[in-house]
Amino acid sequence: VLYVGLALALCLQAALATPQGAACPTTTSFPWCDHTLSPEARAALVVKSLTNDEKSGLFVNGASAVPRINWPAYNWWSEALHGVARDGVATSFPQICGVAASYNKSLFMAIGDVTGTEGRGKNNNVEGGTYHGLTFWAPNVNIFRDPRWGRGEETPGEDPTINGEYATNFIQGMQTDQSSGYIKASACLKHFSAYSEETGRQSFPAVVTAQDMEDTYLPAFEAGVTKGNASGLMCSYNAETYGEGIYGPGTAQQMGAIPSCANKGTLTDLVRAKWGFDGYITSDCGAVSGVQNAHGYTHNNTDTVTAVLSAGMDTDCGGYMNSKTMSSLLTDPTIASLADTALQHLFAVQFRLGFGTPDDVVPFAQINESSVNTSAHTALSLSAAQQSLVLLKNEGSYGKLPLKSKPGMKVAVIGRNANATQNMLGNYYGTPPFIVSPSEGISKYAQIMVSDGSDINEAVSLVANADAVIMVVGLFSEGERPADEAEGHDRTSLLLPGNQNDLIANVSAAAGKAMKPLTVVTMGGGPVDVSNVKNDKNIQGLIWCGYPGQSGGTAIAQAIFGDTNRFGKLSLTWYPEEFTQQVTIFDMGMRPNATSGNPGRTYRFYTGTPVFKFGSGLSYTTFESTISAPKQISLSKIRDEMSMLRRDTSVVMPLSVTVKNTGQREGDEVVQLFVSPPNAGKNGVPLKWLVDFERIGLDAGSATELSFKIQSHHFTFADSQGQRTTVEGNWKVWVGVEDTDAVTVTVL
């Protein structure tokens with residue numbers, strides 16, 4: 001009777017528990033059910049107990065269940081780039097290109113926190129389906145190297161510092177405080193490492209220098225691992241001429257490039273051994289097959305699986321390492337040993353998520369659907385959209401922003417994105433509870449007349465009866481077809497597609513003739529050459545809105561009519577169209593190259609004249625910043641720490657910035673702190689670089705002091721061999737896009 005009662009109690013407990021919690025009905029059910037052991041020790045015990053047949057189904061994203069030990073089926077692939085995606089209704093935040101323009105670290109963390117909470121709430125009862133797990137493949141922190149890149153919108157931008165801070169804060173928010181030994185959700189850094197084009201991506205050999213890897217392609221990933229403590233990493237489709245694989249360099253056709261998922265030099269020697277990564281590594285979907293079939297690095301199952309497992313990859317998003325293939329290969333002692341290591345990484349992450357642990361021990365096991373789409377989350381999405389807008393132009397003798405709403409006011413809303421809904425979600429989007437289009441948002445302030453601009457004459461005819469004109473133009477992403485920028489599709493031009501420039505010219509002429517205020521809002525992820533808008537005196541205002549998410553229309557209207565003044569600043573250089581003729585998207589070089597014609601990429605190296613500079617952005621008020629910094633810092637201290645991880649370097653320059661709102665209204669200011677060495681722009685040395693940033697809100701006439709702790713690595717740069725170096729002499733330190741108020745700090 002006692003045995004029957006205990007068995008019944010265990011059955012009831014298992015029925016009430018989450019599937020992952022039910023994997024261990026008691027702490028003594030199996031040796032690994034002792035949750036006082038470390039995740040690594042528990043994982044080793046599980047793997048030791050498994051048969052080859054049981055192991056064989058665990059190396060793909062859709063990992064099979066292990067019924068003998070009550071282990072549930074699990075799918076490692078879930079998406080949450082800017083809110084939980086492809087998994088039913090969830091809060092939708094602005095696309096990450098816009099979130100980054102806020103320059104708000106606390107916002108980065110808050111979005112990660114909410115996304116992790118909603119992911120738990122939707123998927124705490126893991127059932128093995130795609131997009132229904134607790135391992136989310138975000139953030140994307142690749143450098144937005146080329147403005148034509150179709151997926152650049154997913155990233156924080158072109159700057160390693162911003163991308164690294166975004167990675168750190170988003171991951172810490174998603175995974176949350178780990179003092180309990182458990183993580184709320186698992187964040188996965190992608191796509192490691194030099195991935196930044198769509199055209200031919202499965203077979204693309206990225207010819208990269210050690211110098212560019214050290215100061216451009218790797219720092220954000222390093223920050224995500226060493227400071228964010230990411231529990232996941234994704235190796236990319238492409239190959240790279242950096243690192244090493246167990247079979248040597250790649251083929252001559254691949255210019256020696258090693259497929260990312262077979263690159264032991266980066267995945268194991270760098271990420272695990274040097275950076276201390278202790279999570280799991282997944283391939284991008286189909287990338288393992290690509291090692292053999294796209295890159296030609298291997299020629300059979302045995303060599304391919306050996307190559308990727310030796311490199312440090314643990315799970316294949318795809319079907320190459322399916323149970324049939326792995327069953328035959330696990331009889332090979334070498335592969336069997338490598339496979340056990342991979343499985344230990346996978347199980348350890350599952351234990352950190354609470355698998356095999358009673359739900360009452362795991363702090364996040366009680367989160368459910370009631371935590372999804374809350375009023376607080378909706379408010380955060382709107383706040384993020386408000387902070388992601390960038391005011392790029394506001395001038396003229398009449399019609400400057402903000403517009404003043406008045407009874408009976410009529411506004412013509414014109415352009416392909418005037419009624420945008422799905423397009424405001426960018427790509428890798430979820431299902432938001434609602435979407436406010438630009439026209440709907442504007443309708444709260446005035447009567448609207450709407451034209452999508454496909455008929456230019458019709459659009460122009462609206463101007464005569466309008467008190468003001470707002471054009472919403474730009475790009476299409478995944479939510480509209482044909483997409484201008486999206487996964488699998490790069491742009492070839494930086495100009496506005498279709499008839500949009502003709503539309504702008506005609507509407508502008510009509511508005512100018514009638515002296516009607518004209519504001520242009522451009523939607524999109526990648527930079528566009530809007531020189532025509534910038535230079536048109538009939539256009540008073542220009543706002544970039546990214547892909548602003550579910551509350552985008554509300555945020556746009558609030559800003560235009562002055563209810564908010566929370567603008568951000570560009571995290572990208574906006575290049576002129578001529579850039580597309582100067583350098584191919586396949587040229588991975590960051591630095592200017594006279595031989596190839598590459599004018600340099602990003603604000604750190606670009607030698608041309610941009611349409612808008614990195615860090616550009618206006619406000620409805622004005623700010624004044626004053627730096628207080630030491631006159632001299634130690635050269636020897638910098639040199640002593642050049643080989644250290646960036647996380648571990650010392651503070652060599654405590655610095656303060658006093659910011660005052662000198663205008664007539666409240667507003668948010670983004671404080672960007674730059675440095676530049678004495679030899680800036682010479683022999684591959686960057687022109688300048690961002691070392692830190694903060695965002696603050698100030699009332700009119702008020703001031704505040706910000707403190708920055710500048711570390712020794714901020715005064716270093718990469719030499720031609722990819723090693724950190726520095727230079728003595730007078731360095732410049734300043735706040736903002738221009739260095740007119742720079743202070744001098746001597747490195748001696």
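All values derive from a computational prediction rather than experimental measurement.
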Does the separation of the ring centres of Y166 and F170 fall below 6.0 angstrom?
yes
Contacts under 3.5 angstrom, residues 39-48 side chains, donor-acceptor by atom type, not counting sequence neighbours:
unit_1	atom_1	unit_2	atom_2	d
R42	NE	W32	O	2.7
R42	NH1	T357	OG1	3.0
R42	NH2	W32	O	3.1
R42	NH2	G356	O	2.6
R42	NH2	T357	OG1	3.4

Side-chain touch V126/L134, heavy atoms, less than 4.5 angstrom
yes
Would you say the rings of Y74 and F355 are close, in the sense that their centroids are separated by under 6.0 Å?
yes
Run the numbers on L425 and Q95 for side-chain contact (heavy atoms from CB on, under 4.5 Å), then give the verdict.
CA-CA 7 Å; L425 306 180; Q95 181 59 290; over 6 Å; no
Kindly say whether G157 contributes a backbone atom to a donor-acceptor pair with the side chain of T155 at under 3.5 angstrom?
yes
Can you check whether S193's main-chain N or O pairs, donor with acceptor, with E240's side chain at less than 3.5 Å?
yes
Point-to-point distance, once rounded to the nearest 0.5 Å, from CG of L58 to CE of M321:
10.5 Å
Under 3.5 Å, is there a donor-acceptor pair between the side chain of Y237 and the main chain of C285?
yes
Distance check, rounded to the nearest 0.5 Å: S323 atom OG versus D53 atom CG?
8.0 Å
Working for side-chain contact (heavy atoms from CB on, under 4.5 Å), residues K122 and V84:
CA-CA 9 Å; K122 298 182 76 64; V84 177; 4.0 Å; yes
Q366/D359 under side-chain hydrogen bond (donor to acceptor under 3.5 Å, both in side chains): CA gap, chis, key distance, verdict
CA-CA 7 Å; Q366 310 308 319; D359 289 344; 5.2 Å; no
Straight-line distance of L330 CG to N52 CG, nearest 0.5 Å:
5.0 Å
Run T26 and S29 through side-chain hydrogen bond (donor to acceptor under 3.5 Å, both in side chains) and show every step you take.
CA-CA 5 Å; T26 73; S29 299; 2.9 Å; yes
Any non-hydrogen side-chain atom of C97 less than 4.5 Å from a side-chain atom of E154?
no
Do N75 and T130 have side-chain atoms, one donor and one acceptor, less than 3.5 Å apart?
yes
Hey, does the side chain of S310 reach the backbone of I246 with a donor-acceptor pair shorter than 3.5 angstrom?
no
Could you walk me through whether E478 and N423 satisfy the side-chain contact (heavy atoms from CB on, under 4.5 Å) test, starting with their C-alpha distance in whole Å, then the side-chain angles of each, then the deciding distance to 0.1 Å, before giving a yes or no?
CA-CA 7 Å; E478 191 178 282; N423 193 47; over 6 Å; no
Apply side-chain contact (heavy atoms from CB on, under 4.5 Å) to Y320 and V60, showing your working.
CA-CA 8 Å; Y320 191 96; V60 290; over 6 Å; no
Before giving the answer on salt bridge (Lys or Arg N to Asp or Glu O under 4.0 Å), spell out for R120 and D113 the whole-Å C-alpha distance, their side-chain angles and the decisive distance to 0.1 Å.
CA-CA 11 Å; R120 264 284 176 177; D113 182 24; over 6 Å; no
Give the intermediate values and the outcome of salt bridge (Lys or Arg N to Asp or Glu O under 4.0 Å) for residues K184 and E118.
CA-CA 10 Å; K184 181 167 61 177; E118 295 201 353; over 6 Å; no
Take Y217 and Y195 through the test ring pair (Phe, Tyr, Trp, His ring centres under 6.0 Å) and record every step on the way to the result.
CA-CA 9 Å; Y217 296 116; Y195 170 66; over 10 Å; no
Decide yes or no on side-chain hydrogen bond (donor to acceptor under 3.5 Å, both in side chains) for Q175 and S231, but give the supporting numbers first.
CA-CA 9 Å; Q175 298 188 163; S231 53; 2.6 Å; yes
For residues V114 and T374, determine if any side-chain heavy atom of one lies less than 4.5 Å from a side-chain heavy atom of the other.
no
Does a side-chain heavy-atom distance below 4.5 Å link E165 with M109?
no
Would you say the side-chain atoms of K274 pair up with the backbone N or O of L645, donor to acceptor, closer than 3.5 Å?
no
Using only atom types and a distance under 3.5 Å, with no angle test, would you say the side chain of H82 pairs donor to acceptor with the backbone of N427?
yes
Begin with the C-alpha distance, continue with both residues' side-chain angles, and end with the deciding distance and a verdict on salt bridge (Lys or Arg N to Asp or Glu O under 4.0 Å) for K105 and D692.
CA-CA 11 Å; K105 298 173 190 175; D692 207 350; 2.6 Å; yes
Stepwise side-chain hydrogen bond (donor to acceptor under 3.5 Å, both in side chains) test for Q350 and W71
CA-CA 11 Å; Q350 288 185 314; W71 205 263; 3.2 Å; yes
Is there a ring pair (Phe, Tyr, Trp, His ring centres under 6.0 Å) between Y280 and W137 once you walk through the steps?
CA-CA 12 Å; Y280 78 99; W137 291 353; 7.4 Å; no
Out of curiosity, F192 CZ to L233 CG, how far, rounded to the nearest 0.5 Å?
6.0 Å
Establish, yes or no, whether a centroid distance under 6.0 Å links the rings of W76 and Y131.
no
Ring centres under 6.0 angstrom apart (F221, W275)
no
If I compare all heavy atoms of T282 with all of M313, which pair ends up nearest, and what's the gap?
C-CG, 4.2 Å
Taking all heavy atoms of P433 and all of A90, pick out the closest pair and write down the distance.
CD-O, 3.5 Å
Side chains of S383 and R566 only: does a donor on one sit below 3.5 Å from an acceptor on the other?
yes
Does the N124 side chain pair with the main chain of N368, one donor and one acceptor, at a distance under 3.5 Å?
no
Do the side chains of S551 and V436 get nearer than 4.5 Å, heavy atoms only?
no
Taking the side chain as every heavy atom from C-beta outward, state whether P432 and I435 have any atom pair closer than 4.5 Å.
yes
Determine whether the side chains of S236 and K190 contain a donor N or O and an acceptor N or O closer than 3.5 Å.
no
To the nearest 0.5 Å, atom OH of Y428 lies from atom CG of N140 at 9.0 Å
Just by modelled atom types, is the N125 backbone N or O under 3.5 Å from a matching donor or acceptor in the T18 side chain?
no
For A311, is there any backbone N or O sitting under 3.5 Å from a side-chain donor or acceptor partner on T268?
yes
Is the side chain of S260 donor-acceptor paired with the backbone N or O of C235 at a distance under 3.5 Å, no angle test?
no
If you define the side chain from C-beta out and look only at heavy atoms, does anything of L107 sit under 4.5 Å from L380?
yes
Under the salt bridge (Lys or Arg N to Asp or Glu O under 4.0 Å) criterion, do R352 and D278 qualify, and how do the steps go?
CA-CA 11 Å; R352 290 171 67 187; D278 63 354; 3.5 Å; yes
Do L346 and T315 have side-chain heavy atoms sitting under 4.5 Å apart?
yes
Only one of R647, K227, R646 forms a salt bridge (charged side-chain N to carboxylate O under 4.0 Å, His left out) with E222, so which one is it?
R646
In this structure, CG of N229 is separated from OG1 of T168 (nearest 0.5 Å) by 10.5 Å
